Amino acid sequence: EIRAGKLVQMHGKLGNVEAARAVYDGVVDPDVILGNIMITAYAQNGCLVEAAELYHRMMAKDVVSGTALLAGYAQAGDIEQAKLVFDSLPQRNVVTWNIATVAYARNGYLDEATASFDRMPCRTMVSWNAMLHAFSEAQKLGDAKSVFDLMPERCQVSWSTMIEAYAREGHLVEAREAFARMPEFDIVASTAMLDGLGQNGCLAEAKAMFDQMEDRDIVPWNNLLAALAANGEIEDTRKLFEKVPCRNVVTCTAMCQALGESGRLEEAKQVFDGMMDRNILSMNAMLSGYAQNGEAEQAVKMFAQLRGRN
RNA sequence: AGCUGCGUACAGGCACA
């Protein structure tokens with residue numbers, strides 16, 4: 001039964017709801033946890049009707065069942081339904097409250113998010129981090145700082161969120177200071193710092209930060225690439241692009257965009273054609289490349305393709 | 001009772017903005 005759970009979960013994560021359901025249906029007497037995994041699989045893929053139906057049909061439910069359903073509506077941005085579900089739940093725990101708080105914040109209801117946070121019976125580190133991030137996103141630096149200072153304890157997520165909040169408002173002094181005060185190294189915090197430096201024109205410092213990083217994943221590469229491109233250093237951008245160990249859509253889209261903006265349409269096209277998986281954003285980059293270089297016809301074609309995807 | 005663990009739900013960095 002544990003293996004069935006893993007399977008259902010895996011199919012759900014890959015977006016294959018039918019396969020998940022098939023495995024679930026093959027289990028004779030599914031227990032609560034398996035049912036919860038199935039609800040999650042539905043919820044994460046936007047199958048909210050099915051998720052709700054399963055929830056209501058399940059004989060044995062626990063607090064996770066309802067919370068998983070709530071998470072589905074929250075993720076879909078359906079605040080109304082999410083609120084209805086939240087109010088109807090027989091039990092709520094701190095995760096339930098966290099999801100409600102984040103759901104409000106993500107959909108622009110910052111006051112409701114704050115109210116939810118304030119009304120929570122108890123808070124975990126996740127609750128505090130979520131609130132911190134909510135203020136950061138809403139560009140309420142002062143509130144973010146208050147949350148950060150009031151938190152009973154801070155983890156790496158807290159620090160990187162705070163650094164990002166500073167950097168996004170251009171408060172590099174504070175960002176650097178927070179970064180220096182962090183107890184241990186963290187890849188995400190370093191990357192946030194690097195990006196902040198790059199976005200605010202401190203190219204040399206961003207480079208230095210990049211060189212200092214020991215375990216870089218793709219994101220710092222992409223950030224440095226963006227910083228170079230924003231500085232108009234198209235040659236260096238191109239050189240760096242060649243060196244990126246395993247490029248992803250973001251890398252290629254940024255490169256394509258930069259090449260288009262600098263009038264190198266042929267190269268932009270090459271990068272675009274070499275991309276493994278294109279999405280709306282990469283197509284949009286190519287489209288604006290055509291548009292900016294007077295290729296109206298190609299631009300229109302790309303636009304048609306882009307619409308075909310929706 | 002206490003401690004420890006678990007197959008399930010929640011928070012941080014990149015391209016368009």
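Values in this document were obtained by computation on a predicted structure and should not be read as measured data. Letters go in sequence order (proteins before strands), and every chain restarts at 1.
Distance, Ile99(A) CD1 to A9(B) C1': 5 Å, rounded to whole Å. To the nearest angstrom, P of C10(B) lies 16 Å from CZ of Phe86(A). In this structure, Met193(A) places its CE atom 16 Å from P of G13(B), rounding to the nearest Å. Atom-to-atom, CG of Leu281(A) to P of C16(B) comes out at 8 Å; the value is rounded to the nearest Å. Going from atom CG of Leu34(A) over to atom C1' of A9(B) covers 15 Å, rounded to whole Å. The interatomic distance linking Tyr24(A) (OH) with U8(B) (P) rounds to 17 Å, in whole Å. In this structure, the CD1 atom of Ile39(A) is 13 Å from the P atom of C10(B), given to the nearest Å. Atom CE in Met286(A) sits about 20 Å away from atom P in A15(B), given to the nearest Å.
Each of U8(B), G12(B), G7(B) was ranked by its minimum atom distance to the side chain of Glu164(A); first place goes to G12(B). Of the candidates G7(B), A9(B), G12(B), G12(B) carries the atom nearest the Asp186(A) side chain, counting heavy atoms from C-beta on. The nucleotide whose nearest atom lies closest to any side-chain atom of Val188(A) is, among A9(B), G7(B), G12(B), G12(B). Comparing U8(B), C14(B), C10(B) against the side chain of Val64(A) picks out U8(B) as the nearest. Of the candidate nucleotides G12(B), G13(B), G7(B), G12(B) has the atom nearest to the side chain of Val157(A). Proximity note for Met125(A) (side chain, C-beta onward) versus A15(B), A11(B), U8(B): the nearest is A11(B). Proximity note for Val219(A) (side chain, C-beta onward) versus C10(B), U8(B), C14(B): the nearest is C14(B). Checking G12(B), G7(B), C16(B) against every side-chain atom of Gln257(A), the shortest atom distance belongs to C16(B). Nearest to the side-chain atoms of Ala71(A) among the listed nucleotides G13(B), G12(B), A9(B) stands A9(B). Side-chain proximity of Ala68(A) to A11(B), A9(B), G7(B): nearest is A9(B).
The base of C16(B) is not paired with the side chain of Asn284(A) by any donor and acceptor separated by under 3.5 Å. A donor-acceptor contact under 3.5 Å is formed by the side chain of Asn279(A) with the base of A15(B). Judged by distance alone with a 3.5 Å cut-off, a donor-acceptor contact links the side chain of Asp217(A) to the base of G13(B). Within 3.5 Å, no donor on the side chain of Asn36(A) pairs with an acceptor on the base of G7(B), nor the reverse. Under 3.5 Å, the side chain of Thr161(A) and the base of G12(B) form no donor-acceptor pair of N or O atoms. Judged by distance alone, with hydrogens and angles left aside, Asn222(A) brings a side-chain donor or acceptor within reach of the base of C14(B), the pair sitting under 3.5 Å.
Residue Glu235(A) qualifies as enclosed at atom CD: its count of foreign heavy atoms under 6.0 Å is above 12.
Looking at Asn231(A), its side chain never comes within 3.5 Å of a backbone N or O of Glu233(A) through a donor-acceptor pair. Although no hydrogens or angles enter the test, the distance criterion places no donor-acceptor pair under 3.5 Å between the side chain of Asp277(A) and the main chain of Val249(A).
Residue contacts for Arg106(A): at a heavy-atom cut-off of 4.0 Å it reaches the sugar-phosphate backbone alone, with no base atom in range. At a threshold of 4.0 angstrom between heavy atoms, the contacts of Gln156(A) include nucleobase atoms, whether or not backbone atoms are also involved.
At a threshold of 4.0 Å, the pair Lys269(A)-Glu266(A) counts as salt-bridged, since one of the basic side-chain nitrogens sits closer than that to a carboxylate oxygen.
When all heavy atoms of Gly12(A) and Ala20(A) are compared, the pair lying nearest together is N-CB, 4.2 Å.
No close placement of the Phe179(A) and Trp159(A) rings is indicated, their centers lying 6.0 Å or farther apart.
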